[in-house]
Amino acid sequence: MALIRTLRPLAVLAATAALFGGLTVQPATADDPVVSKLTLGTDQFKMTDTSYESATNNLYNNVLTNHVDLTDVVTTDFTKNSSGATDTWMNLRSMRACAGDETKALPPVTKKVAWCWSSAHADDNTPRWFPQGMSTTGTADGGDGAIQGKHVTAVAWHYKTFKTDSAGDLEANDGCKTNNLLKLTFIDRDTGKYRHVLLAEPTSTSSSASNFKFVTGHGGGIAWYANYIYVTDTAHGIRVFDINKMAKVDTYGSGLNSYGVSGGTSSACGYPYVLPEVHYYQQSGTPDSCAADAGDGTPDAQQLCYSWLSLDKTGGSPYKLVTGEWYGSAAGGRVVRYQLNPTSASTYPGLLNMSGGKTVIQDAYTLPGYWGLQGGMTWTDSAGLLNFAFSKGCGTKPAVFSHTWVGDTRAVTSCASGGNWAVGSPQALSYWPKLDATQVDELWGLTEGICAGTSLRASYPYEFPAISENGNACDGYNGTDNLSLRSVFAVGFTDSAVQNLH
C-alpha cells in the first residue's frame, strides 16, 4: 500500500543557549563540512512586505465583529450549526491515545506525550487533509509556555485533490474543495481538545477592505512568536497571521462550501472561526522548482524555497526566524536566518526587521551533506558555537533526527543505517522549554502519513497505486480502511537516544 507523502514539510522552534550548551561534540574527521556559511548577494533571498494590517483592522472592527480569543477556540464546544440544527461535525474534537499499527508513527524513544487524531471525525486517516507545519506556545512567549493563558500546539493542514489520470491531472477545484486550501488547528495540551480554524486573507490591502478569501499553500512550516503565527508559502515567502484578530463568522456547519462575505453574511468553509493575515513577505521571483530534485538537481541560485520554519531566540539580539529548504533527492538546500524584532521593539514589534523596504538577513548556510530535510532549528550554545538540528524523513522506520554545527565534518547518518525519530513521515518539530514554572525541555514532533486502504486505492488508482512498500511502515497492509500513521508526540530534547545521530 502506498505510504502517502507530501512535499516541502515542516516547522521547528529553537531552544535556550543554556539548555543546549552541553550538546556540542567536535568533528571527528577531516572531510568536507556538512554545513557551510554562504556569502549572499546584496538582495539575495530578501523579501518585501505587503501589509494587510489596515485591511484586517477594518474587517475586525466593522465586518467580523464577533471577536474570539485562544481560550474560546479551544474550549467552546458547539453542538449545533449556525442554523440551529444538531451538527456533530461542529463538536470540539479530542486527541486520543495511539493504538495498534498506528503506533508505528511514534519515535522509538521514551515519549512524554503520544497523541493521535480523532477517529470520530476521520482526522486520523482522511486522505483529503494532511498535517504539515507545527509550532507551540512553548517558546512563543519565552516565559511560562502559555499565550493568552493557554498551553497550545498549532498545526497547519493542506487539502488534497486527487489525480484523475495517468498524466497526473487533478480534480477540478470546487470552492472550499480547493487543492492546498490551508487551515490551522489549535490543540490545548492540558485537555487534548482541539479545533480547526480557517486561515483568511483580506481581498485587498485597503483600509476599507470588506471581504476575505481563503489561503492556499503547502503549510510546510509555521513558527509562533507572541501573537503572530508565521506560515511558509513555499515558492514565494512567508505569511503572518495575528491571533489577536481572530473572529467568529456568521454561517458555519458541516457541508458548507462558501467563504468570505456575501450579502452581509460571513462564512469560512464551514468552520466557525477565521485567523486573518496581517503581513505577506515575498521574494522578488519564484525558484525554478521546489520539487524533490530541485528541478535539475541544483537549487535555484537566486530564489529560495520556504519549506520549514523555526524560531531562534539564542545568541543575543536580534532574534532569528529560521527557514530552510526540502529537496527529497537533491543536496545543497539552504538555511536562511532573518532578523526578527522582539515584541518590545519600537518599529515592527514581533515582525521581521526591515531596512530599505526589505527584510534583513542575519546569515545563510548551504547544506551540501544533507538532502530530504523535513525541518530544522538553530541555536547558539554557551561556547558561542552555532548548532543545527534537522529532521530527515525516511520511508523506513525510523527516520533520522540529527545534530550538527558549522564546521562539522562527520559523515551524515543515512536512513538505511537506522534512525531515532518517527515514521509516517515526520513533518515538524517544536521545542517546549517550560510548562508554567516547571522546566520540561520537550521536543515535539508531528507525522502526516496514512496507509491507503483497498477501498481508496480502488477508487483513485492514479493517486494511490498498489505499489511495493518493501521495508516501509505500510508494507503488508491490505485493510479496507486507511491506516493512520499520524501522530503528535513529545520526547526529551536532551535524551541521548534523540541527540546521538548526525
Heavy atoms, side chains only, cut-off 4.5 Å: are [X] and [Y] in contact?
X	Y	result
Lys392	Cys415	yes
Val35	Val335	no
Thr76	Tyr273	yes
Glu201	Arg239	yes
Ile187	Val74	no
Leu198	Cys269	yes
Leu184	Ile222	yes
Thr153	Trp432	yes

Partners of [X] by side chain to side chain contact (heavy atoms under 4.5 Å, CB included), sequence neighbours excluded?
X	value
Thr298	Asp296
Asn62	Asn58
Trp129	Thr126, Trp157, Tyr159, Leu181, Lys183, Tyr271

Can you measure from [atom1] ([X]) to [atom2] ([Y]) and round to the nearest 0.5 angstrom?
X	Y	atom1	atom2	value
Leu321	Leu311	CG	CG	7.0 Å
Cys305	Asp233	SG	CG	11.0 Å
Asn211	Leu59	CG	CG	7.5 Å
Phe162	Asn179	CZ	CG	10.0 Å
Leu309	Thr323	CG	OG1	4.5 Å
Arg334	Leu304	CZ	CG	5.5 Å

Does the separation of the ring centres of [X] and [Y] fall below 6.0 angstrom?
X	Y	answer
His67	Tyr60	yes
Tyr431	Phe493	yes
Tyr338	Tyr281	no

Can you find a side-chain donor-acceptor pair between [X] and [Y] that sits under 3.5 Å?
X	Y	value
Gln427	Ser425	yes
Thr447	Ser487	yes
His151	Asp436	yes
Ser258	Ser267	yes
Thr314	Asp312	yes
Thr265	Asp250	no

Donor-acceptor pair, side chain of [X] and main chain of [Y], under 3.5 angstrom:
X	Y	value
Lys313	Thr139	yes
Gln303	Ala301	no
Thr216	Asn180	no
Asn257	Asp174	yes
Arg128	Lys160	yes
Trp115	Trp117	no
Ser430	Trp444	no
Thr56	Glu277	yes
Ser307	Trp326	yes
His502	His403	yes

Return the minimal non-hydrogen interatomic distance between [X] and [Y], and the atom names on each side.
X	Y	value
Ala389	Phe401	CB-CZ, 3.7 Å
Ala294	Pro299	CB-N, 3.9 Å
Val34	Val412	CG1-CG2, 3.7 Å
Pro287	Asp300	CA-OD2, 3.6 Å
Gly133	Ala428	C-CB, 4.0 Å
Pro318	Gln362	CG-OE1, 3.5 Å

Between Gln148 and Asn244, is a side chain to side chain donor-acceptor pair (under 3.5 Å) present by the stated rule, with each step listed?
CA-CA 10 Å; Gln148 296 181 4; Asn244 287 345; 3.1 Å; yes
Does a sphere of radius 6.0 Å around NZ in Lys163 hold more than 12 heavy atoms from other residues, nucleotides or ligands, not counting ones at 6.0 Å or beyond?
no
Who pairs with Tyr327 by ring-ring contact (aromatic ring centres under 6.0 Å, His included), at least two apart in sequence or on another chain?
none
Listed partners of Phe489 passing ring-ring contact (aromatic ring centres under 6.0 Å, His included), at least two apart:
Trp421
The side chain to side chain contact (heavy atoms under 4.5 Å, CB included) partner of Tyr228 among Leu340, Thr343, Val278 is Val278
Evaluate Val63 against Phe212 for side-chain contact (heavy atoms from CB on, under 4.5 Å), listing each step before the verdict.
CA-CA 10 Å; Val63 180; Phe212 65 89; over 6 Å; no
Could you check Asn420 against Asn500 for side-chain contact (heavy atoms from CB on, under 4.5 Å), going step by step and ending with a plain yes or no?
CA-CA 9 Å; Asn420 53 3; Asn500 65 0; 4.1 Å; yes
For Asp363 and Lys37, run salt bridge (Lys or Arg N to Asp or Glu O under 4.0 Å): C-alpha distance rounded to whole Å, both residues' side-chain angles, the deciding distance at 0.1 Å, then the answer.
CA-CA 8 Å; Asp363 45 24; Lys37 190 170 184 179; 5.0 Å; no
List the atom pairs, with distances to 0.1 Å, where a side-chain N or O of residues 348-360 and a protein N or O form a donor-acceptor pair under 3.5 Å, not counting sequence neighbours.
| from | atom 1 | to | atom 2 | distance (Å) |
| --- | --- | --- | --- | --- |
| Asn353 | ND2 | Gln339 | OE1 | 2.9 |
| Lys358 | NZ | Asp43 | OD2 | 2.9 |
| Thr359 | OG1 | Met47 | N | 2.8 |
| Thr359 | OG1 | Met47 | O | 3.4 |

Please determine if Arg337 forms a cation-pi arrangement with Tyr365, meaning its NZ or CZ atom is less than 6.0 Å from the six-membered ring centre and no more than 45° off the ring axis.
no
Stepwise side-chain contact (heavy atoms from CB on, under 4.5 Å) check, Glu325 with Val336:
CA-CA 9 Å; Glu325 297 179 302; Val336 179; over 6 Å; no
